[in-house]
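Ligands are counted one by one from 1 in listed order, and the atoms in each one are counted from 1 as well.
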Amino acid sequence: MSEFDYDLFVIGGGSGGVRAARISSTHGAKVAIAEEYRMGGTCVIRGCVPKKMLVYGAHFAEDLHEADRYGWDISGAEFNWTRLRDIIQDDVSRLEGLYAGTLGNADVEIYKERAVLTGPNEIKLASGKVITAKYILIATGGWPANAGCPGEEHALTSNEIFHLEEKPKSIIIVGGGYIANEFAGIFHAFGSDVTVANRSEKILRPYDQEIVGKLQEMGEAKGIKYRLSAPLTKIDKNDDGTVTVHFDDGGEPQTADVVMVATGRVPNSANMGLAEIGVELDKSGAVVVGDDNKSSIDSVYAVGDVTNRVQLTPVAIREGHAFADSVFGGNPRTISYENIPSAVFSAPPIASVGLTEDAARAQHGDDIKVYKSDFRPMKNVLSGREERGLYKMITQGPEEIVIGLHMIGPESSEILQGAAIAIVGKMPKQVFDDVVAIHPSMAEELVLFK
Ligand code: NDP
């Protein structure tokens with residue numbers, strides 16, 4: 001008999017925690033998991049999944065607008081926010097059930113309550129029950145950062161935006177990152193007046209700025225406003241329910257139905273007893289871990305957004321899986337953080353892997369070549385839509401190893417996933433050139449770079 005109640009106790013039922021719990025159990029560990037809210041975590045409940053469904057809903061706006069040019073009469077088409085909102089929430093509940101079911105099938109015991117650490121091997125549940133475990137895994141994710149100004153309580157975040165009572169006629173989105181640009185595209189397509197307001201002069205700073213420039217140009221052309229170099233200073237709530245947002249940019253305050261703040265996410269580690277038992281946290285509150293996901297306490301590990309390494313679901317899943325294989329599967333391993341492909345589901349979407357042009361130049365000087373294809377997708381030609389796509393390939397050295405691929409255009413996230421394999425495989429451009437094009441397609445631009 002073990003001296004502990006469980007071999008592993010996972011706190012947090014999101015992507016990383018669920019994967020770690022399930023795989024550890026299949027490796028023979030006795031596992032329990034605690035989740036205080038809904039099983040599935042940010043991605044499933046109030047992130048990637050419902051957001052992507054809204055993105056699909058938003059696509060209909062463009063398609064319906066252009067349907068006429070493709071021979072369809074769609075007069076009378078109307079958008080109903082509450083219908084889409086409720087259908088999405090039903091599906092989120094279905095997925096939540098699947099997550100719980102998967103854990104149950106894997107013999108993981110589920111505690112639907114908050115858990116805090118009371119010792120290196122001890123957890124206390126909200127009900128008062130005290131549990132011991134040989135290992136504890138912190139997988140509590142992140143939380144949207146507050147606006148950090150007077151009136152911040154009047155701002156919504158990505159947590160609440162999925163539950164709006166009605167579609168806002170106007171929305172100010174503070175921030176210039178993933179969430180701001182994705183929701184700008186969504187609400188603009190639904191007919192809202194959208195302003196993206198960012199503290200600095202650039203949006204999507206980590207992405208290739210030529211690609212980002214195209215997004216902004218296309219956003220402006222369709223009516224999205226960008227208020228840049230505009231730090232947020234105050235939010236007032238008006239008697240009619242609207243909000244007036246003040247910026248330190250010399251401009252006038254701006255009034256809208258809704259203000260949403262999307263200025264990054266902070267690790268969800270407060271009031272969990274972590275510091276009290278000696279787990280080292282960094283300035284942002286992230287659990288400090290090594291490549292093996294182990295914290296400063298030998299029995300306490302952490303994966304996913306609470307470690308603030310790369311805030312992406314597939315990364316958290318890989319970390320959780322590697323933890324389980326290492327600690328319970330007899331296969332100690334770490335994951336690679338190099339060449340992680342990513343996408344912004346803006347309108348149109350951006351997708352990227354490897355070094356941006358600026359980063360490649362900083363790292364390799366003149367030893368790089370940049371190939372570009374700036375094209376108008378065939379579908380847009382017939383419909384009369386002016387929007388263009390831009391693909392960039394960055395190669396390095398005489399062998400022209402592809403070290404970066406960056407795209408904006410319809411379906412770019414779908415197209416880049418396959419191409420990313422070549423970047424991770426460190427393939428030369430010649431391999432792309434040797435591939436016969438699929439014609440007509442947008443993806444063929446990848447093998448036709450001159
Ligand atoms: P991001 O990190 O993408 O962007 C943050 C934005 O907020 C930047 O434009 C930044 O401006 C600005 N900002 C940062 N700090 C402050 C501050 N203190 N005051 C004012 N502005 C500030 O954050 P998001 O909230 O959009 O998304 C959070 C994370 O969630 C992302 O980093 C991403 O990892 C993940 N995510 C991934 C998605 C995907 O994969 N498609 C979709 C949604 C989220 P500046 O440029 O000046 O720094």
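- Formation of a donor-acceptor pair under 3.5 Å by the Asp305 side chain with backbone atoms of Asn308 is not found in this model.
- Summary of contacts: the protein heavy atom closest to atom 37 (C) of ligand 1 is Tyr178 CD2, 3.5 Å.
- Listed by number with element, the atoms of ligand 1 under 4.0 Å from a non-hydrogen atom of Gly176 are 6 (C), 8 (C), 9 (O).
- Of the protein's heavy atoms, Gly177 CA, 4.0 Å lies nearest to atom 1 (P) of ligand 1.
- Aromatic rings from Tyr391 and Phe449 are positioned such that their centres are separated by 6.0 Å or more.
- Which parts of ligand 1 touch Gly264 is read off a 4.0 Å heavy-atom cut-off, strictly below it: atoms 5 (C), 23 (O), 24 (P), 25 (O).
- Protein heavy atom in closest approach to atom 35 (C) of ligand 1: Gln311 O, 3.4 Å.
- Using a 4.5 Å heavy-atom cutoff, the side chains of Arg309 and Glu319 are in contact.
- Residue contact check for ligand 1: Gly148 places no non-hydrogen atom closer than 4.0 Å to it.
- Here the side chain of Asn198 pairs no donor or acceptor atom with the backbone of Ile203 at under 3.5 angstrom.
- Closest heavy-atom approach to atom 10 (C) of ligand 1 among the candidates Leu312, Thr263, Asn198: Asn198.
- Inspection of the Thr244 and Thr255 side chains reveals an N or O donor paired with an N or O acceptor under 3.5 Å.
- Here the shortest heavy-atom distance to atom 20 (C) of ligand 1, taken over Arg265, Lys51, Arg199, belongs to Arg199.
- Within the listing of ligand 1, atoms 45 (P), 46 (O), 47 (O) sit less than 4.0 angstrom from a heavy atom of Ser200.
- If you check the side chains of Arg227 and Gln254, you find a donor sitting under 3.5 Å from an acceptor.
- Between the side chain of Ser25 and the backbone N or O of Val108, no donor-acceptor pair lies under 3.5 Å.
- Nearest-heavy-atom check against atom 42 (C) of ligand 1 across Glu182, Arg205, Glu201, Lys52 picks out Glu182.
- Applying side chain to side chain contact (heavy atoms under 4.5 Å, CB included) to Ile224 and the options Leu215, Thr195, Val196 leaves one that passes, Val196.
- Proximity annotation for atom 43 (C) of ligand 1: of Leu232, Ile179, Leu204, Val55, Ile179 comes nearest, heavy atoms only.
- Of all the atoms in ligand 1, the ones that sit under 4.0 Å from a non-hydrogen atom of Ala343 are 39 (C), 40 (O), 41 (N).
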